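Since the structure comes first, as C-alpha cells, the remarks are kept for the end.
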There are 2 protein chains.
Amino acid sequence: MSKPPARIRLADAAFALFDERGYEQTTVDDIAERAGVGRTTFFRHYRSKEDVIFPDHDRLLELIRDRLATSSHRTALVAVSDTVRLVLLHYIDEGDLARRRYALTSKVAALRDREIASVARYQRLFREFIADWMGDPTESASLRAELMAANVVAAHNHVLRRWLRGESADPVAEVDEAMREVLALFPPPGSPAEPGGGTTVVAFRTGQDLDALLPSLRRLVEGGPER
Amino acid sequence: MSKPPARIRLADAAFALFDERGYEQTTVDDIAERAGVGRTTFFRHYRSKEDVIFPDHDRLLELIRDRLATSSHRTALVAVSDTVRLVLLHYIDEGDLARRRYALTSKVAALRDREIASVARYQRLFREFIADWMGDPTESASLRAELMAANVVAAHNHVLRRWLRGESADPVAEVDEAMREVLALFPPPGSPAEPGGGTTVVAFRTGQDLDALLPSLRRLVEGGPER
DNA sequence: CTTTGGAACGGTACTCAGTACCAAGGATAG
DNA sequence: CTATCCTTGGTACTGAGTACCGTTCCAAAG
C-alpha cells in the first residue's frame, strides 16, 4: 500500500485524465489534485504540462550525442545506424507508455507539434555529425549532409510509427533494413561517378587498341567540364 | 497621411517591438498599444502572438495542395519540383519580411518550433501525394514515399536558409539543381537494378561474337537469382 | 432622410499556464 | 536540543487566449 513517488503519481494521474477528458480539458490543478500533491509540486517535477508526456527528450538527446561522439571516422556510418537503433529501442522499452503518448499526439495538435520539434533536434545532431564526418565545407556536401540526416530520421520515424500502430512485429530488423536502404542511396565518397541512379553496362567492340581508347574513357568517367 | 489598415499596423508594431525588446519581452498589449488599437482587435486579426510572424502558413498550405492536385500521373515528379519552386518563390516574394522572420526564429526557440511544425505539414502533403502517385501499398513503397518527401523538403529548406542568410544569389537555380539531385537519388520504378550507387562502365574487348555474349550480359543486367 | 442590418472595434471579465516568493514541516548532522 | 537543509504547499502575480457585450460606422433599403 506504500505510495509510489510523486513524479510517478503525477504522470499516472495526467495520462488517466487525458484519456478521460482529453488534453485541453485537463488543467494542471486537476492533475495535481488527483495525484494528491500541490500545484507547485507538479511544476517542480515537470517544467510544463506537455513535459508530463515527453519526460526525457533531453536525456534521449544526450544519448544520441554520446553515441555519435564515440565513433572514429571509419565507423561513422555504423555509428549512425547504431544510434538510430538505440533511439528506437528507447521507445520500445517504454512499451505501453510510448503507445499512449502516440495516441495523444495523434489527436492533439499542440502535442504533435511538440513531438515534431523534438525530432527536429535529433535531426540537427545527425546533420552536424554527418557534416563533420564529411569534412567537406562545399555547398554540395552541406546539402548532402542535410539530405542524409533527413533520410535517417525519416526512416526511423517510419519504422517507429509502424511499431506504435502495432504494424510491426520486429521493428529492430525493420529499422536495420531501412537504414541499409537509406545508406545505399548515398554512394560513398570514393565512388566513380555522380549518383545517376542504377547501373549502366556498356558493351562494345572496336578495332581500336585499348590504349587508344583510354583517354576518352577517362574523360567520360571523371566527368570534367569538357564533353 | 491616411493610416494603413490595422492588420498592417499591428504587424509593423510587432516586428519593431520584437527587434527592440525581444519576443518574450513584448506583450500583446504592447503591440496593440503601439498600433493604436485595442487588445481585442489584435486577436481578431491574428489568432495568437506567434501568428503575427507566420501570417499565411494556411494559405501556403493551400497553395501546395492546389498545385499538387493539378498534375497527371505522368507529370507527378515535375509537379513536385514545381511546387517546391513555388514555395521558395513565395518566401522570396516576401523579401525583407522573410529575413526578419528568420532572424527571430533563429533566436527564439518557441518560434523555431512553430516554424518546424509548419514545415512538417508541408512534408505531410508531399508524402501523401507521392504515396498516392506510387499507388503501391507495400511497406517498402510507403518508406520510399516517406524518404522522398523528407528529401524534398530538406532540399527546399537548405536552399531557402542559404538565401535567407544571403549566401545565395540565385536560389531558384539552386533549388532546381537540388531537386534534380534529390530525384536522381530515387531511380524510377522501371529501372534495371537496385540503387547500388553510381554508374558502372565496363569496357572490354573480346574475340567472341556479340550474339554469343548477349545471353550472359542479359543475365547480368536482369539480375536473376543465379550468379 | 430614416431605418435596419452587418461588420469592425474597444472594454471588461474570465480561465489557465507558468513564475516568484515565502512559510511550514520533517529529517538529519552536530 | 538545535541549527540546517530539503521538500512541500500556498499565495500572488504576469501574460496569453476566450467569451461576451455595447458602441460606432457604413451602406443598402425603405
Side-chain angles (χ1 to χ4, degrees), chain A residues 2-18 20-55 57-58 101 104-105 107-115 117-118, chain B residues 1-55 57-58 101 104-105 107-115 117-118:
Chain A
S2 70
K3 289 192 288 187
R7 189 181 169 81
I8 308 294
R9 291 208 314 278
L10 281 166
D12 286 346
F15 273 93
L17 286 168
F18 293 161
E20 290 173 19
R21 318 181 192 173
Y23 178 79
E24 276 106 349
Q25 281 65 44
T26 303
T27 72
V28 174
D29 284 295
D30 297 336
I31 302 172
E33 190 186 353
R34 177 170 296 202
V37 299
R39 205 176 93 98
T40 312
T41 302
F42 176 90
F43 284 106
R44 260 192 210 100
H45 286 281
Y46 300 100
R47 274 178 298 205
S48 71
K49 190 176 160 188
E50 297 176 354
D51 254 33
V52 192
I53 307 177
F54 309 100
H57 259 134
D58 290 346
R101 185 192 302 128
L104 283 173
T105 54
K107 294 201 179 307
V108 184
L111 299 180
R112 183 167 43 242
D113 290 355
R114 161 77 180 249
E115 171 88 41
S118 299
Chain B
M1 285 302 285
S2 71
K3 289 192 288 187
R7 187 180 170 83
I8 308 293
R9 292 208 315 276
L10 281 166
D12 287 345
F15 272 94
L17 286 168
F18 292 162
D19 285 343
E20 290 174 20
R21 319 182 192 170
Y23 178 79
E24 277 106 349
Q25 281 65 42
T26 304
T27 72
V28 174
D29 283 295
D30 297 336
I31 302 172
E33 190 186 353
R34 179 171 296 203
V37 300
R39 204 177 94 97
T40 311
T41 302
F42 176 91
F43 284 107
R44 257 191 212 101
H45 285 281
Y46 300 100
R47 274 178 297 207
S48 71
K49 189 176 161 187
E50 297 176 354
D51 254 33
V52 193
I53 308 177
F54 308 101
H57 259 134
D58 289 346
R101 186 191 302 127
L104 283 174
T105 54
K107 294 203 178 307
V108 184
L111 298 180
R112 183 166 44 242
D113 289 355
R114 161 77 181 249
E115 171 87 42
S118 299

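These numbers come from the heavy atoms of this one structure, side chains and all, not from hydrogens, waters or symmetry mates. The shown structure was predicted, so the numbers you read here are calculated from the model rather than taken from an experiment. Sequence lines set the chain letters: A, B, ... in the order given, protein chains first and strands last, and positions in each chain run from 1.
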A:D30 side-chain N/O to A:T27 backbone N/O, donor-acceptor pair under 3.5 Å: yes

query: D:dA16 P sits how many Å from A:K49 NZ, rounded?
result: 18 Å

message: So does A:T26 get a backbone contact from the side chain of A:R21, meaning a donor-acceptor N/O pair under 3.5 Å?
response: no

statement: Walking DNA chain C from its 5' end, the first of B:T40 and A:E50 to be reached, judged by nearest nucleotide, is B:T40

- prompt: Rounded to the nearest Å, what distance is computed from the OH atom of residue B:Y23 to the P atom of nucleotide D:dA16?
  reply: 8 Å

- request: Report yes if at least one side-chain N or O of B:S48 is closer than 4.0 Å to OP1 or OP2 of D:dA16; otherwise report no.
  value: no

statement: Exactly one candidate in A:R7, A:R114, A:R44 meets salt bridge (charged side-chain N to carboxylate O under 4.0 Å, His left out) with A:D51; the answer is A:R114

message: What contact category does A:T27 fall into here, base, sugar-phosphate, or nothing, at under 4.0 angstrom with non-hydrogen atoms?
response: sugar-phosphate

- line: When rounded to whole Å, the CG to C1' distance for the pair B:L17 and D:dA16 reads 16 Å

field: Atom pair distance, as rounded to whole Å: CZ in B:R7 and C1' in C:dA7
entry: 16 Å

- prompt: Under 3.5 Å, is there an N or O donor on one side and an acceptor on the other linking the side chain of B:R39 and the base of D:dG17?
  reply: yes

field: Gap between atoms CZ and C1', on A:F43 and D:dC13 respectively (whole Å)
entry: 14 Å

- prompt: With sugar-phosphate meaning primed atoms plus P, OP1 and OP2, does A:A6 contact a base, only sugar-phosphate, or nothing at under 4.0 Å between heavy atoms?
  reply: nothing

- line: Picking from C:dG10, D:dT11, D:dA16, the nucleotide nearest the side-chain atoms of B:R44 would be C:dG10

task: Specify the separation, in whole Å, of atom CD1 of A:I31 and atom C1' of C:dA17.
output: 11 Å

query: Hey, does the side chain of B:K107 reach the backbone of B:Y23 with a donor-acceptor pair shorter than 3.5 angstrom?
result: no

task: May I ask you to verify whether the side chain of B:T41 and the base of C:dG10 hold a donor-acceptor pair under 3.5 Å?
output: no

- prompt: Please give, in whole Å, the distance from D:dT7 C1' to A:F42 CZ?
  reply: 17 Å

- prompt: Once you round it to whole Å, what is the distance between C1' of D:dG15 and CD of B:E33?
  reply: 15 Å

- request: Determine: side-chain N/O of B:H45 to OP1/OP2 of C:dA8, distance under 4.0 Å, yes or no.
  value: no

field: Any donor-acceptor N/O pair, B:R101 side chain to B:I53 backbone, under 3.5 Å
entry: yes

